[in-house]
There are 2 protein chains.
Amino acid sequence: MPRPAKFIRTEAIASALQVFWQRGYHATSLKDLETALSMRPGSIYAAFGSKEGLFDEVLSHYAERSLTSLREKLLNRPSAMQGLREYLYSLANLGEREPAERACMLVKTLLELATTEPQLSARADAYLASMENLFCEVFMAAMQQNELEKGADPRFLAQQLQVAIFGLRIFSQRQTSPLRVRLLTEQIANQFTRVDKIA
Amino acid sequence: MPRPAKFIRTEAIASALQVFWQRGYHATSLKDLETALSMRPGSIYAAFGSKEGLFDEVLSHYAERSLTSLREKLLNRPSAMQGLREYLYSLANLGEREPAERACMLVKTLLELATTEPQLSARADAYLASMENLFCEVFMAAMQQNELEKGADPRFLAQQLQVAIFGLRIFSQRQTSPLRVRLLTEQIANQFTRVDKIA
DNA sequence: GACTTTATTGAGCAATCATTCAAGAAAGAG
DNA sequence: CTCTTTCTTGAATGATTGCTCAATAAAGTC
């Protein structure tokens with residue numbers, strides 16, 4: 001079989017992610033993508049079908065990557081609460097990251113495309129639901145490990161946690177000092193993994 | 001002096017707000033605005049200068065309106081904490097509102113335009129800082145009224161509160177049941193106006 | 001009524017948008 | 001090498017973008 005594709009799909013998607021994450025869906029033009037991917041329009045369309053198709057694949061890639069990373073940090077840990085704590089602390093440097101990549105891309109997509117591209121927004125929503133479910137599993141594991149009181153409501157805690165992370169990542173987009181973001185992160189980590197939550 | 005403008009500026013801005021809030025800045029075309037405002041391009045440009053100028057005025061209008069409403073609810077109250085509690089409970093129905101208007105427009109703007117229109121994003125940021133300051137005043141008043149312990153950090157509490165509201169309003173954009181949003185809202189209200197915070 | 005001043009109109013502008021496709025280039029198979 | 005298959009190219013597509021401006025309409029002043 002002749003002529004393998006010159007571009008590497010995963011690299012193209014990683015480049016496209018960067019552009020879409022920073023500029024958003026509507027403000028990203030095909031010209032932007034041509035530059036970022038070093039591909040000509042024909043190749044992009046041959047490979048991904050459309051701008052929407054490319055975005056869709058980028059979104060999946062981002063979400064799967066995020067979910068995989070979360071699972072590694074949170075599941076099958078000797079102490080679920082310790083894993084959660086470490087994950088939350090990994091957000092402490094949010095204020096020092098690339099500004100346009102501080103907010104979660106799923107959230108940015110959920111907001112930007114709610115009206116204009118509801119199917120893409122719905123896909124982002126579905127991935128966020130998976131993340132909530134993952135948090136729920138963590139709290140259930142913590143209950144089994146006696147790190148969380150028996151009467152706790154893991155679903156509710158998972159949603160509370162997601163609210164806190166949503167808010168933190170939005171806040172980190174504001175032009176405040178990275179230190180304030182760090183302090184807020186630590187407060188959240190303490191709130192959700194506090195000693196007095198232990199049975 | 002002859003021929004007064006037929007359109008009413010505040011009404012035009014209110015209509016433009018609805019379109020921009022729902023579709024975002026980049027996905028709103030001049031055709032969308034012509035339809036919403038019932039104005040022809042020439043009139044729009046005579047009145048507002050440019051799409052960016054119109055958006056800027058819309059953003060100011062939204063922010064001033066929000067700030068005024070917040071001040072009414074939160075300042076000069078016999079009990080600052082009671083005012084805060086009532087404000088937070090007013091968010092309990094977020095899950096039943098127009099989907100694309102559940103998230104704060106300032107936040108949507110901060111995220112969407114961070115890279116592509118940094119001056120508009122910065123304006124949204126500045127208004128969010130005013131809101132944080134307002135929250136800070138509320139907590140200071142609560143301390144003076146002995147509704148909050150003397151050692152409390154009003155600035156930190158204000159930022160925590162903003163994080164919670166950011167997160168809640170994003171979460172309410174997800175396709176979850178309005179009841180869950182209500183429960184989360186009540187939890188936040190209790191967290192920030194809890195009895196054991198009182199000195 | 002005539003005059004002045006401003007608002008409104010909408011056709012039309014260049015630029016950009018996402019997308020297509022015929023032609024050419026590249027690489028393995030024989 | 002030739003052949004076949006696939007990938008890449010980039011000019012060109014029609015639609016849409018934000019925006020302009022000369023012509024027209026409307027309202028107060030005199």
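The chains referred to below are lettered A, B, ... by the order of the sequence lines, with proteins before strands, and numbering in each begins at 1.
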Task: Atom pair distance, as rounded to whole Å: CZ in B:Phe48 and P in D:dT20 - done: 16 Å
TODO: Could you check how far CD1 of A:Ile44 sits from P of C:dC21, rounded to whole Å?
DONE: 17 Å
Task: D:dT16 phosphate, OP1 or OP2, under 4.0 Å from B:Ser29 side-chain N/O - done: no
Hey, can you pull the donor-acceptor pairs under 3.5 Å for the side chains in residues 152-171 of chain A, sequence neighbours left out?
| residue | atom | partner | partner atom | Å |
| --- | --- | --- | --- | --- |
| A:Asp153 | OD1 | A:Arg155 | N | 3.2 |
| A:Asp153 | OD1 | A:Phe156 | N | 3.1 |
| A:Arg155 | NH1 | A:Glu132 | OE2 | 2.6 |
| A:Arg155 | NH1 | A:Asn133 | OD1 | 2.9 |
| A:Arg155 | NH2 | A:Asn133 | OD1 | 3.1 |
| A:Gln159 | OE1 | B:Arg180 | NE | 3.0 |
| A:Gln159 | OE1 | B:Arg180 | NH2 | 3.3 |
| A:Gln159 | NE2 | A:Glu132 | OE2 | 3.1 |
| A:Gln160 | NE2 | B:Gln187 | OE1 | 3.3 |
| A:Gln162 | OE1 | B:Arg174 | NH1 | 2.6 |
| A:Gln162 | NE2 | A:Leu128 | O | 3.1 |
| A:Arg169 | NE | A:Arg102 | O | 2.7 |
| A:Arg169 | NH2 | A:Arg102 | O | 3.0 |

Open item on the list: If you compare every side-chain N and O of A:Lys6 against the phosphate oxygens of D:dT8 (OP1, OP2), does one of them come in below 4.0 Å?
Closed with: no
Open item on the list: What I'd like to find out is whether the side chain of B:Thr109 reaches to under 4.5 Å of the side chain of B:Tyr127, using heavy atoms alone.
Closed with: no
Task: Proximity to the side chain of A:Ala5 - top-ranked nucleotide from D:dT8, C:dT8, D:dG18 - done: D:dT8
TODO: Round to the nearest Å and state the distance from B:Arg40 atom CZ to D:dA25 atom P.
DONE: 15 Å
TODO: Report yes or no: is the cationic atom of B:Lys108 (NZ for Lys, CZ for Arg) closer than 6.0 Å to the six-membered ring centre of B:Phe20, at no more than 45° off its axis?
DONE: no
Task: Inter-residue atom distance B:Glu57.CD - B:Thr10.OG1, 0.5 Å rounding - done: 10.5 Å
- [ ] Give the rounded distance in Å between these two atoms: CZ of B:Phe7 and C1' of C:dA7.
- [x] 9 Å
Open item on the list: In this structure, how many angstroms lie between the C1' atom of C:dC17 and the CG atom of B:Leu30, rounded?
Closed with: 16 Å
- [ ] Look at A:Tyr45 and C:dT19 and indicate whether a side-chain polar atom (N or O) is within less than 4.0 Å of OP1 or OP2.
- [x] yes
